[in-house]
2 protein chains.
Amino acid sequence: MKTELDAARDLSAQIAGAIRDAIVAGQLIVDERLPSESELADKFGVSRPTVREALKRLAAQSLIRTQRGASGGAFVNRLRYEEAYGQQITTSTLLLSMNAVSFETACEARYALERACAPLAAQRRSADHLAAMRAEIHRQGQPGLSDESFCASDVAFHRALVDAAENPVLSYHLAGAVEAMQPLMNMITFTARDRTEIIARHGALADALEARDAAAAEAALQALCAYTIRLGRDVAAKRTRRTQEA
Amino acid sequence: MKTELDAARDLSAQIAGAIRDAIVAGQLIVDERLPSESELADKFGVSRPTVREALKRLAAQSLIRTQRGASGGAFVNRLRYEEAYGQQITTSTLLLSMNAVSFETACEARYALERACAPLAAQRRSADHLAAMRAEIHRQGQPGLSDESFCASDVAFHRALVDAAENPVLSYHLAGAVEAMQPLMNMITFTARDRTEIIARHGALADALEARDAAAAEAALQALCAYTIRLGRDVAAKRTRRTQEA
DNA sequence: AGAAATCATTTGTCAGACATTTAAATGTAT
DNA sequence: ATACATTTAAATGTCTGACAAATGATTTCT
């Protein structure tokens, strides 16, 4: 039934797959202890190092955690949003850098996704969310702020927007999209005028949420998207010109 | 600088982290070969099994691939969308099941995200995308279709919608959201009337895309979302009633 | 009874060996 | 000289056995 597919894979990959399937299928529930490495080795007919490699694969995906000592072992891990965020961000970042995704494509995706949050955020935003956004806007206006810090604050601002939608599933999916943009954004040099423009848009967005005006929020995001893509185009154009000169 | 954080982790986790950082930072480029396991063992001052565990961790995240034989070894893997999809879907599915996310929350997130695709899909949809959607609609209308197949077709329909936006980054982020809903959807029993209703909405959505009418597409999605959440509520209500009876 | 010491279990790590795969080098025959 | 077969070397895959370290349970001593 499975030998055709499995034959091509390492034993540790097969074992990891079998255990993962059991977890996904709910045969192993959260916090349940797996058999010890020796027992697993016997069960699968392999040596302990092979079992360990399989377990490390699962640990890398946060599917299990291990504990040493008596009554230790490998336990099915409750996948928390915070852990999933990290992996999601790493994967998204690498996807962008390794596949030479254009700034425009990534930017379009990011703002499209944020736009999805706008109506919910307008409806549910708390005073805390608004305060967080205003704080970042203030930060972005401070003189002497490095481009990198400006980008970091931009990310924090947008994450506050996403969190304002009060939907953890949405926050999870957007974490990657928002954070993965940061390396791309860091390639942009923001002039004082650029910053003023962006800060104004952020202000408009915060105002819209405060007024619970979904349409205005979407419009602000749309404008922000267009402006950011324009900035990206300028950078690309400058680089092309420089390359041609050289 | 790092010893405080590293001290708590296994050697294999530290080594995997070091290599991962090098990949993310671009110090190791795609298709570049890592030193052999023996060389890595020397370099990090650990044994080969420990290095292997570290490499398996990275392999589990598709960051590297290994090849046997002469001139084999571990190579930095180009993270492809297809591979990333799979991990994304597994993670999303587990996040939903392990954190007892309500059907409503997941559904809301999914449709909010799809709504983000609607304007782009309306603008860029090709004849192929439309054909794929129509085909799934036709499939959904066939008598004798199991609930499971109906759900699978629903997923295929929505993925066609997402792909119609012609933005791979968007497709990637939505893959998890759409696919992870399937197990939750499978818990619903669709009556003939439910199906008729859903198929009508799907038809309206396809019509809107064909007419390149973004607003109509968003409206259709909104309606579909509301209807699906209602179905979920009914199921939950029935289950509660049954539990109380018992 | 309470604290200390011991024990048993389990993961973490190491060393060395052999099996298997694969590409390159070598040799051979046409 | 080219084409094919053979050998070789390098690398990963796997196994065995061992010891270290952590940790909860047990026993012992006060």
Side-chain angles (χ1 to χ4, degrees), chain A residues 2-20 23 28 30-78, chain B residues 2-20 23 28 30-78:
Chain A
K2 56 172 183 175
T3 38
E4 307 95 50
L5 279 165
D6 280 9
R9 293 194 300 166
D10 297 340
L11 285 175
S12 67
Q14 292 176 41
I15 294 168
I19 298 176
R20 176 172 43 243
I23 294 175
L28 293 169
V30 168
D31 292 335
E32 184 171 340
R33 183 180 174 283
L34 272 64
S36 72
E37 295 175 351
S38 308
E39 288 172 313
L40 287 172
D42 287 347
K43 185 171 162 186
F44 287 105
V46 299
S47 66
R48 196 159 80 94
T50 302
V51 166
R52 282 182 61 80
E53 288 178 7
L55 294 180
K56 295 311 164 198
R57 294 179 113 109
L58 299 174
Q61 297 171 292
S62 303
L63 292 182
I64 62 168
R65 63 177 184 280
T66 54
Q67 210 170 354
R68 283 168 73 157
S71 76
F75 298 83
V76 178
N77 195 32
R78 155 159 279 128
Chain B
K2 56 172 182 174
T3 39
E4 306 96 50
L5 279 165
D6 281 8
R9 293 195 298 167
D10 297 343
L11 285 177
S12 67
Q14 292 175 40
I15 293 168
I19 298 176
R20 175 171 45 242
I23 294 175
L28 293 169
V30 168
D31 291 337
E32 184 171 340
R33 184 180 173 282
L34 272 64
S36 73
E37 294 175 351
S38 308
E39 288 171 316
L40 287 172
D42 287 348
K43 184 172 162 186
F44 287 104
V46 299
S47 66
R48 195 158 84 92
T50 302
V51 166
R52 282 182 60 80
E53 288 178 7
L55 293 180
K56 295 311 166 198
R57 296 179 112 109
L58 299 174
Q61 296 172 293
S62 303
L63 292 182
I64 61 169
R65 63 177 185 279
T66 54
Q67 210 170 356
R68 282 168 74 157
S71 76
F75 298 84
V76 177
N77 196 31
R78 154 159 279 127

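Throughout, a chain's letter reflects where its sequence line sits, starting with A, and its residues are numbered from 1.
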Has the side chain of A:Arg9 got a donor or acceptor that lies under 3.5 Å from a partner of the other kind on the base of D:dG13?
->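 There is none.
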
The side chain of B:Thr66 lies closest to which of these nucleotides: D:dT12, C:dT13, C:dT11?
->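 Minimum distance to the B:Thr66 side chain belongs to D:dT12.
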
In whole angstrom, give the distance that lies between atom [atom1] of [X] and atom [atom2] of [N].
X: A:Lys56; N: D:dG13; atom1: NZ; atom2: C1'; answer: 18 Å
X: A:Glu53; N: D:dG13; atom1: CD; atom2: P; answer: 8 Å
X: A:Asp10; N: D:dT14; atom1: CG; atom2: C1'; answer: 10 Å
X: B:Leu11; N: C:dT11; atom1: CG; atom2: P; answer: 17 Å
X: A:Asp42; N: D:dT16; atom1: CG; atom2: P; answer: 10 Å
X: A:Arg48; N: D:dT16; atom1: CZ; atom2: P; answer: 13 Å

Has the side chain of A:Arg65 got a donor or acceptor atom that lies under 3.5 Å from a matching backbone atom of A:Ala59?
->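 Side chain of A:Arg65 to backbone of A:Ala59, a donor-acceptor pair under 3.5 Å: no, none is there.
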
Does the A:Asn77 side chain pair with the main chain of A:Ser62, one donor and one acceptor, at a distance under 3.5 Å?
->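 A pair under 3.5 Å: yes.
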
Out of curiosity, A:Thr66 OG1 to A:Leu55 CG, how far, rounded to the nearest 0.5 Å?
->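 Answer rounded to 0.5 Å: 8.0 Å.
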
Candidates B:Val51, B:Ile23, B:Ile19 - the one meeting side-chain contact (heavy atoms from CB on, under 4.5 Å) with B:Leu34 |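 Testing B:Leu34 for a side-chain contact (heavy atoms from CB on, under 4.5 Å) against B:Val51, B:Ile23, B:Ile19 leaves exactly one candidate, B:Ile19.
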
Is there any protein nitrogen or oxygen under 3.5 Å from a nitrogen or oxygen in nucleotides 9-11 of chain D, and what are the pairs?
unit_1 : atom_1 : unit_2  : atom_2 : d
D:dA10 : N3     : B:Ala70 : N      : 3.4

Residues forming a side chain to side chain donor-acceptor pair (under 3.5 Å) with B:Arg48, sequence neighbours excluded |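 Result, side chain to side chain donor-acceptor pair (under 3.5 Å) vs B:Arg48: B:Glu37.
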
Identify, between A:Pro49 and A:Leu55, the residue whose nearest nucleotide on DNA chain C lies closer to the 5' end.
->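 It is A:Leu55, whose closest nucleotide lies nearer the 5' terminus.
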
For A:Arg52 and C:dT11, is the shortest distance between a side-chain N/O and OP1 or OP2 below 4.0 Å?
->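 No, outside the criterion.
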
Under 3.5 Å, which donor-acceptor pairs link side chains of residues 39-46 of chain B to any protein atom two or more places apart or in another chain?
unit_1  : atom_1 : unit_2  : atom_2 : d
B:Glu39 : OE1    : B:Ser36 : N      : 2.9
B:Glu39 : OE1    : B:Ser36 : OG     : 3.3

